Amino acid sequence: MENRQNRFIKPDTEKKIDTLLAKMTVKEKIGQLHQLGTSPVGGFEISKNEMKKLLDAGRLTKEDYDNWMSNEQWDENEGLVRAGEIGSFLGRDKDPNFYNHLQRVAVEESRLGIPLIFGNDVIHGHRTVFPIPLAESCSFDDETFEKTAEIAAKEAASEGIHWTFAPMLDISRDARWGRIAESAGEDTYLASRYAAAKVRGFQGEDFSDKDRIVACAKHFVAYGAAEGGRDYNSVDMSMQKLWNTYLPPFKAACEAGAGTFMSAFNDLNGIPCSANTYLLRTVLREKFGFKGFVVSDAFSVGECVAHGVAEDRKQAAELCLNAGVNMDMVVGCYRDHVEELLNEGKISEDTLNEAVREILRIKFAKGLFDNPYTDVESAADILICDEHRKEALKAAEKSIVLLKNEDILPLRKNAKIAVVGELADDAEEMLGCWVLGGLPEETVTLIDALKLRGIDFVYEKCCGVKTDFNREAFERAIENADIIIATVGEYRDMSGEAASYCDIDLHGEQKKLIDALYNCGKPFVTLLFNGRPLAIRDVAEKTPALVECWHLGTEAGNAICNVLFGDYNPSGRLTATFPNYSGECPLYYNHLNTGRPTSEVRHSSKYQDAPIKPLYPFGYGLSYTDYAYSNLSAEIIGDNISVSVDVENAGKVSGTETVQFYIQDVVAKTARPVRELKEYKKVYLEPGEKVTVTVKITIADIGYYDEALEYIVEPGEFKLWVGHDSTTELVTSVFVK
Ligand code: NOJ
């Protein structure tokens with residue numbers, strides 16, 4: 001496969017960069033390495049709008065609010081832009097016209113006219129909000145991954161954004177870690193396909209196109225393995241695990257041509273990722289052939305001091321720039337210290353020039369030297385237009401996972417319905433973590449969608465995520481109902497950054513609501529709104545139907561109604577294992593073989609007080625129909641394993657099945673995973689329809705990095721399971737020579 005990084009190296013661009021470098025002063029060079037936030041409220045981790053909301057909700061005193069807001073230093077930076085001392089802005093909440101204004105200062109009033117690059121967290125949509133990444137990954141649908149990124153890019157670009165800090169490619173196997181919501185889940189193969197599709201979606205064929213933005217593969221690397229699922233925590237792992245499990249999605253993003261990478265907050269085996277020469281130079285530049293630039297995660301250069309590997313910000317700048325971080329996100333260590341470090345010989349001129357070159361290379365590739373401004377007038381026709389809403393609905397439908405259904409769903413349209421739970425009617429909470437452009441007033445809740453469909457129903461909140469269960473309201477709501485829809489889960493700020501929880505069961509009194517439903521004797525369906533797998537064993541037992549609705553974005557309510565009433569046959573599959581209890585985390589399907597494989601036997605690898613099976617496994621998800629598998633066969637043809645299986649829709653309604661292919665290297669030099677996903681394919685089947693699904697798995701792709709970090713495919717038996725989820729028993733094998 002072509003490594004698209006090579007496309008960034010164009011002799012005429014490199015010459016232009018040479019010419020610029022020859023003219024640039026040291027201060028101007030350092031300016032290119034400095035990224036500043038446009039709204040330094042609360043250290044960038046919170047936007048001005050969010051601050052205002054906290055104030056209005058009484059969660060912040062006026063004094064604290066004024067204090068934080070007085071940090072706003074937006075206007076002061078114009079002078080620095082004019083002086084060529086800022087290369088990029090991390091922007092939030094700004095009027096797009098202001099981007100153009102600042103760009104004009106950079107291009108027309110600075111000495112060398114080098115354009116700014118505006119970056120932002122366009123994570124799962126911009127104004128049109130798509131499902132959170134963990135939800136969207138459950139679609140197992142590369143076209144959806146690509147399409148939603150393409151739309152997000154178009155909308156963001158229309159508002160002046162050149163560069164997104166996405167896709168997030170951290171393999172996430174610990175549901176306590178809040179940032180699992182931003183990921184594609186626990187599986188390396190799926191995340192690698194997701195990575196390439198997202199880069200294609202954001203960047204298109206060539207990101208100089210005005211509708212495209214530069215992607216950023218983050219967080220490099222292994223952030224998802226933070227100890228105990230605590231955010232920002234340390235990561236200590238073997239190099240084999242790093243290479244086999246955590247690096248492949250980044251390699252895929254690199255080969256797909258990601259223009260930038262972001263170094264992670266965590267340390268890897270003691271070395272913070274932003275100061276990690278092995279990761280940034282040996283792996284990324286030498287092995288992966290990366291030609292773009294690396295931005296640090298926010299403040300992570302300065303945080304080398306807190307990590308205890310630098311004695312002060314100056315040494316932090318020295319370590320990170322030498323290690324290969326080109327751009328210092330918001331903390332200003334480079335701005336304050338690189339000149340001094342250069343004079344002291346601690347940073348070489350070559351290192352500085354190379355760091356600047358790689359940033360300028362991406363600015364040239366984005367076309368910023370030729371077309372620095374954004375036509376902001378075009379935004380009105382683009383933002384949340386009908387076409388984008390349609391795609392948001394499709395993506396949301398595909399992300400929903402039906403977890404349990406005892407003949408409750410689909411619902412009858414004329415049933416007497418009662419809806420309970422706060423999340424049924426909270427648009428803001430449907431948007432999920434990391435939403436900077438989406439608006440609650442443009443978001444469809446379940447209640448909105450029921451009204452739009454003309455469904456007759458009664459609604460009482462009865463219970464919030466964190467507020468008490470109100471029995472009186474509950475009795476009132478269910479009195480005349482034939483069926484009850486319960487909505488429970490997490491607020492959107494309970495997943496994402498800085499949202500780790502050691503207990504991932506339902507919060508507050510939501511379980512009292514479920515108990516009341518269980519005891520009332522009427523049928524009910526429970527809808528979950530959350531950003532992570534939840535440990536809800538007892539809820540799952542008590543509820544006759546359970547639907548995982550995640551945080552689905554703009555079209556949440558409509559998508560949920562389509563599933564509830566059978567207008568869309570659910571097809572989503574879990575990409576992260578649901579544990580029975582929080583204490584089982586981290587829990588994932590593709591763990592290594594052990595000497596005492598998990599079983600009912602006492603002396604086997606397991607907890608004595610938990611079931612040996614997870615609550616819901618990877619790949620799991622029900623449908624309103626059944627799929628039957630037969631005639632599995634596999635043979636080696638040339639460099640590939642050709643696998644065929646017959647899949648039949650054995651039920652009464654049409655549906656889309658995700659056919660999953662898993663392998664196991666039965667005997668190898670090192671212990672290998674019990675199963676690993678190696679291919680998936682979606683097939684749409686009418687009732688009674690049967691198709692033969694054939695895929696080719698390249699033999700070169702079933703190997704692994706051994707203890708010497710050599711990639712090898714060992715000869716011998718490989719088992720191949722095919723089926724509906726990661727527990728499928730339909731198996732065959734091939735022998736690789
Ligand atoms: C910190 C987060 O870790 C990162 O994902 C994000 O892109 C930056 N802040 C910028 O907002």
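None of these values were measured; they are calculated from a predicted model.
Lys522 has its side chain out of reach of Asp482: every pair of non-hydrogen atoms, C-beta onward, lies at least 4.5 Å apart. By the 4.5 Å heavy-atom criterion applied to side chains, Arg127 and Leu439 are counted as neighbours. Using a 4.5 Å heavy-atom threshold, the side chains of Ile400 and Leu552 count as touching. Put simply, the side chain of Thr625 does not reach to within 4.5 Å of the side chain of Lys652, judged on heavy atoms.
Here Asp503 pairs with nothing under the salt bridge (charged side-chain N to carboxylate O under 4.0 Å, His left out) rule; sequence neighbours left out.
Between Trp721 and Glu729, the side chains place no donor N or O within less than 3.5 Å of an acceptor N or O (distance only, hydrogens not considered). At a cut-off of 3.5 Å, with distance as the only test, a side-chain donor of Asn569 or Ser623 sits close to an acceptor on the other residue. Checked by atom type, the side-chain pair Glu146/Tyr194 shows no donor-acceptor distance below 3.5 Å. The closest side-chain donor-acceptor pair between Thr148 and Glu391, if any, does not fall under 3.5 angstrom. In the model, Ser137 has a side-chain atom that pairs as donor or acceptor with a side-chain atom of Thr575 under 3.5 Å. Side-chain polar atoms of Tyr223 and Arg179 form a donor-acceptor pair below 3.5 angstrom. Donor-acceptor pairing under 3.5 Å is lacking for the side chains of Ser726 and Tyr662. At a cut-off of 3.5 Å, with distance as the only test, no side-chain donor of Asp187 or Tyr588 sits close to an acceptor on the other residue. Ser172 and Asp170 are not linked by any side-chain donor-acceptor pair at a separation below 3.5 angstrom, with hydrogens and angles left out of the test. Under 3.5 Å, the side chains of Glu136 and His124 contain no donor-acceptor pair of N or O atoms. A donor and an acceptor atom, one from each side chain of Asn590 and Arg173, are located under 3.5 Å apart. Using modelled atom types, one finds a donor on one side chain and an acceptor on the other under 3.5 Å when comparing Thr128 with Glu155. If you check the side chains of Asn530 and Glu548, you find a donor sitting under 3.5 Å from an acceptor.
Under a 4.0 Å N-O distance rule, the pair Asp141/Arg193 does not qualify as a salt bridge. Of the charged side-chain nitrogens involved, at least one lies within less than 4.0 Å of a carboxylate oxygen, so that Lys147 and Glu150 count as a salt-bridged pair. Between Glu397 and Lys394 no salt bridge is recorded (no basic side-chain N to carboxylate O distance below 4.0 Å). Between Glu428 and Lys53, at least one side-chain nitrogen of the basic residue sits less than 4.0 Å from a carboxylate oxygen of the acidic one, meeting the salt-bridge criterion.
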(request) I would like to know whether Lys461 and Asp425 meet salt bridge (Lys or Arg N to Asp or Glu O under 4.0 Å); could you show each step before the answer? (result) CA-CA 8 Å; Lys461 281 192 181 151; Asp425 196 24; 5.4 Å; no
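For residues 513-562, no residue pair satisfies the ring-ring contact (aromatic ring centres under 6.0 Å, His included) rule, not counting sequence neighbours.
Between the side chain of Arg532 and the main chain of Ala175, a donor-acceptor pair closer than 3.5 Å is present.
Classified by interplanar angle (parallel below 30°, tilted 30° to 60°, perpendicular above 60°), the ring pair Tyr620/Tyr616 is parallel. Under the 30°/60° scheme for interplanar angles, the aromatic rings of His724 and Tyr627 are found to lie parallel.
Here the options are Val465, Leu528, Val488, the test is side-chain contact (heavy atoms from CB on, under 4.5 Å), and the partner is Leu423; only Val465 passes.
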